[in-house]
Every structure is written in C-alpha cells, then in structure tokens.
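Being a predicted model, the structure only gives us computed values, none of them experimental.
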Amino acid sequence: MMLSSSSKVVFIVEGAYLITFFVLASGAVNAAIEGAGARAFILPARNVQTLGETVAITMILFIGFAGTLLLHRAGKVFATTTQNAFLAGGFGIIGIAMLIGYILVNIKV
C-alpha cells in the first residue's frame with residue numbers, strides 16, 4: 001500500500017501525539033522532578049517514581065492501546081471467525097496489560 005506524502009505526515013504527527021500523550025500520562029514530569037537521583041529501575045515507594053517506571057507504564061499503555069485497536073477491528077470485519085479472533089486477541093492483550101500494571105503496582109506498594 002502506497003502512502004502519499006500528506007498521509008505520511010499525518011501518520012508521523014499521529015504517532016508523535018500518541019507517544020507524547022502516553023509519556024505525559026505515565027508520569028514523566030513526576031519522574032523528572034522526584035526520581036532524578038534514583039538508581040533503581042523500580043523503587044518500592046509510593047511517593048517516588050523513576051524514569052524506568054515511566055518507561056514501563058508507557059509500554060503498558062501502548063500494549064493496552066494495541067488491544068483496543070484489535071477490539072476496534074473486530075467491529076469492522078464481517079466474518080464471524082475473524083471477529084472472534086480479534087475479540088479474543090484484543091481482550092487477551094488488554095488483560096496482559098492490566099496484569100503487568102497490577103504487578104507494577106504490587107511492587108510499588
């Protein structure tokens with residue numbers, strides 16, 4: 001599939017927006033302010049967030065986003081088998097993202 005130059009620009013802007021939004025939503029400002037001197041990847045303290053935790057939370061958000069994209073695709077297809085596969089994959093990936101998030105919270109507490 002060939003993309004025109006304007007489609008490429010839109011795709012790049014969309015990607016940059018998503019990356020920026022997810023990084024800010026995962027606490028990059030908090031990590032920059034409070035966890036700048038931390039040497040561990042994850043600190044078991046609720047009041048300090050490190051840069052490593054921010055990266056992990058950002059990846060968790062992208063994993064969940066991939067699951068929601070699969071759920072969206074499930075509503076667009078007409079074949080029942082394909083729809084079931086997309087639904088199972090989407091809910092499975094969202095479940096994995098939630099599991100990783102709960103493990104991270106369990107380490108923090």
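Remark: Ile60 CD1 to Ile103 CD1 distance equals 9.0 Å, nearest 0.5 Å. Here Asn84 contributes atom CG and Thr80 contributes atom OG1; the two are 6.5 Å apart, rounded to the nearest 0.5 Å. Distance NZ/Lys108 to CG/Leu104: 7.5 Å, rounded to 0.5 Å. Rounded to the nearest 0.5 Å, atoms CG (Leu99) and CD1 (Ile63) are 10.5 Å apart. Taking OG1 of Thr68 as the start and CZ of Arg73 as the end, the distance is 13.0 Å to the nearest 0.5 Å. Interatomic distance, CE of Met59 versus CG of Leu61, reported as 10.0 Å (0.5 Å rounding).
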| Full working for side-chain contact (heavy atoms from CB on, under 4.5 Å) between Val77 and Phe86 | CA-CA 9 Å; Val77 296; Phe86 278 143; 3.8 Å; yes
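Closest non-hydrogen pair, Thr58 versus Phe22, comes out as OG1-O, 3.9 Å. Taking all atoms of both residues into account, the shortest heavy-atom contact from Gly64 to Ala97 is N-CB, 3.8 Å. The two residues Glu53 and Val48 have their closest heavy-atom pair at OE1-O, 3.9 Å. For Ala31 against Thr50, the heavy-atom pair with the smallest separation is CB-O, 3.6 Å.
Linking ILVMFWY side-chain heavy atoms closer than 4.5 Å, directly or via other members, places Ile42 and Met98 in two distinct hydrophobic clusters. In the hydrophobic clustering of ILVMFWY residues, with side-chain heavy atoms under 4.5 Å counting as a link, Leu18 and Val10 come out apart.
The aromatic rings of Phe65 and Phe62 lie perpendicular to each other, with more than 60° between the two planes, well past the 30° mark.
Under the 3.5 Å distance criterion, with hydrogens and angles disregarded, no donor-acceptor pair is assigned to the side chains of Ser26 and Thr54.
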